[in-house]
Amino acid sequence: MSETSCYILDNGAYTAKVGLSTMEPKIVPNCIMKAKSERRRPFIGSQLDECRDASGLFYILPFQKGFLINWDTQKTIWDFIFSKECCPVNFSETPLILTEPLFNFHSIQEAMTEIFFEEYECQSLLRINATDLAEYHYRKLHKNEGTVVVDSGYSFTYIVPYINGKKYKEGIRRIDVGGKVLTNHLKEILSYRQLNVMEESYVINQAKEDSCFVSHDFMGDMQITRRTGSRNTIVKDYVLPDYTTLRRGYLRDIVRPNEDLEQQTLRMNNERFSIPELLFHPSDVGIPQMGIPEAIINSIDSCPEGNKESLLENIILYGGNALFPGFRDRVFNEVRALALDHFDVNVSIAENPITYAWEGGKYLFKDPDFYSFCLTKEEYEEEGRNLAFERFDI
Amino acid sequence: MASRESGRVKDAEKRRVLDDAARKRRARKAVEALEQDNFHDDPHADLVMSKKVPKFADSNEKPTRKKKSRSAEYYKLRFRKTFGQLVEEEASFRPEPPNYLSAQAPPSKFPDRHFCAVCGFTSNYTCISCGARYCSVKCLGTHLDTRCLKWTA
Ligand SMILES: [Zn+2]
Ligand SMILES: [Zn+2]
């Protein structure tokens, strides 16, 4: 049995990356949204494109704290994803690669296996961590021995060391800061300092994406943002969308009072870099954990001595937060400063940080041993659900 | 301006002081708020929702599907477990580290940094009443007028 394509579903807590391995992946919001402007129906996944006015958008998410908890929501979104409206598939002919969070809870794993074999009638299933796919992607291109995968996503940031393709679980570190914490913190400070935007997660998330960057000199940039006039080279205004003339906000230079344009704006000053800073200093908002570079060193320190050199030379960053300008250089600079001098440090960033794991699934499908990693419907029916726990190392 | 500010600072000194437990409770609430999905009510909450599940065109190209699709509601009931229950369960399935709890990154070896709760710049002062950080008399004034002991946690 070998098919020409497989279906890859990287089922993230914020977006699902989905598609046949022969095509480009689609990015689908993994949520149901309700708009104030449209009371006749909710928007499921990418149906949001049909929403005329996204102000005050209300989110219903299947994931809580990075784990699949709300199954009715997830089932509704999956039904949408697998339908002709989104990304159709015939699971009786096409193997499925499906991602799950690291240390996914036992009963969620059971539910995943059950729903894909019994509800969606999947023929061959491979449940796997997204970081496994990312590591496979990296190793395929670099032929390296050790890899440190840094997945900075919506719910949290995971640092996972791999030695010869195998997760070294003692070295896994989770930082409870991801895109959601960043957006919520930005919303909180803007609401307190300027304008109440607590109901505008969708818009402020975009403002974060459009405005924020990772500082390479935090205290220096703080000084710059204290200056007035043209000596403050960081301050900008974010023009908010009004959903009549403007559908997505944008960052612009500050206009003089006499050329005031009639648009509602948010002043972005130290907010531009103090938000992504939480990835490097979670304690800035009272989360008592290390930041990414320190946690990378802490993770590598727990690995076998002989592998440390290779791990430091192969650090790969992906996930939505890797899109912040300056992210790679900051991680590199700090890891370089913390690591012992006689080691080389190499940090790379995924070309597409959103789809990097999904692309890894494409490579994995071409592995000659691919089908030996999968569980078939027959095996599941004959040997029961415990076989899934033996086969999948989640 | 200056006298008004210092008058207010004097008032502040006479004010109630939050005890340690209340400060910790506030700090915990602030971290919890960072996890929240929405800060407003469901805008469709007042609608009488028909329990009708949206119908998507069936993706199976084969005309005959062996069984009928189960509803989203069925799976909600079938797999209903809260995050707390799942963490508890995990203690019996994966009792030894490495597991979800052990993977949590430890505290940083570097000292905490402090920022003004009002403007976000670095702060050298702590509000006597509630422990919030501030950077200047102006920001302290704003803090006392808006938050300090006003939002009760
Ligand atoms: Zn201040
Ligand atoms: Zn106070």
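All heavy atoms count here, side chains included; hydrogens, waters and symmetry mates do not.
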Whatever's closer than 4.5 Å to a heavy atom in chain B on A/Q194 counts as neither
Nearest heavy-atom approach of B/H44 to A/R41 is CE1-O, 3.7 Å
Interface check, chain B: of A/K187, A/H185, A/E110, A/M198, most non-hydrogen pairs under 4.5 Å belong to A/M198
Between A/E294 and B/K109 (side chain of the first, backbone of the second, donor and acceptor by atom type, cut-off under 3.5 Å), is there such a pair? yes
Charged N-O contact under 4.0 Å between B/R147 and A/E188: yes
Under 4.5 Å to a heavy atom of chain B? For A/I81 that would be neither
Greatest number of non-hydrogen atom pairs under 4.5 angstrom with chain A, of B/Q36, B/R113, B/H114, falls to B/R113
Applying a strict 4.5 Å limit to non-hydrogen atoms, the region of A/S299 in contact with chain B is neither
For A/Y7, the ring-ring contact (aromatic ring centres under 6.0 Å, His included) test, sequence neighbours excluded, returns A/F82, A/F91
Within the side chain of B/R70, is there an N or O that forms a donor-acceptor pair under 3.5 Å with the backbone of A/E119? no
Bottom line for A/F80: the part with an atom under 4.5 Å from chain B's heavy atoms is both
Cut-off 4.5 Å, heavy atoms of chain B, and the answer for A/I159 is neither
Assert top hit (heavy-atom pairs under 4.5 Å, partner chain B, pool A/M219, A/K65, A/E200) equals A/K65
Honestly, the part of A/N70 sitting under 4.5 Å from a heavy atom of chain B is neither
Taking side chain as C-beta onward, heavy atoms only, is B/F121 less than 4.5 Å from A/R226?
-> yes
Whatever's closer than 4.5 Å to a heavy atom in chain A on B/P97 counts as neither
Most heavy-atom pairs under 4.5 Å with chain A, out of B/D112, B/T122, B/V31, B/N99, belong to B/N99
Applying a strict 4.5 Å limit to non-hydrogen atoms, the region of A/I172 in contact with chain B is both
Ring centre gap for A/F156 and B/Y100 strictly below 6.0 Å: no
* Report yes or no: does A/N270 contribute a side-chain atom to a donor-acceptor pair with the main-chain N or O of B/C119 at less than 3.5 Å? => yes
Given the options A/K36, A/R39, A/K34, B/D42 meets salt bridge (Lys or Arg N to Asp or Glu O under 4.0 Å) only with A/K34
Shortest non-hydrogen pair, A/Y192 vs B/T142, comes out as OH-O, 4.1 Å
Side chains of A/S107 and B/L86: closer than 4.5 Å at any heavy-atom pair?
yes
Q. For A/F218, does the CZ atom sit with more than 12 other heavy atoms under 6.0 Å from it, leaving out its own atoms?
A. yes
Check this for me: B/D41, atom CG, are more than 12 non-hydrogen atoms of other residues, nucleotides or ligands nearer than 6.0 Å?
no
| query | Okay, side chain of B/K81, backbone of A/I69: is any donor-acceptor separation there less than 3.5 Å? | reply | no
The interface call for A/Q223 against chain B, heavy-atom contacts under 4.5 Å, is neither
If one checks every heavy atom of B/E35 against chain A at 4.5 Å, the contacting part turns out to be both
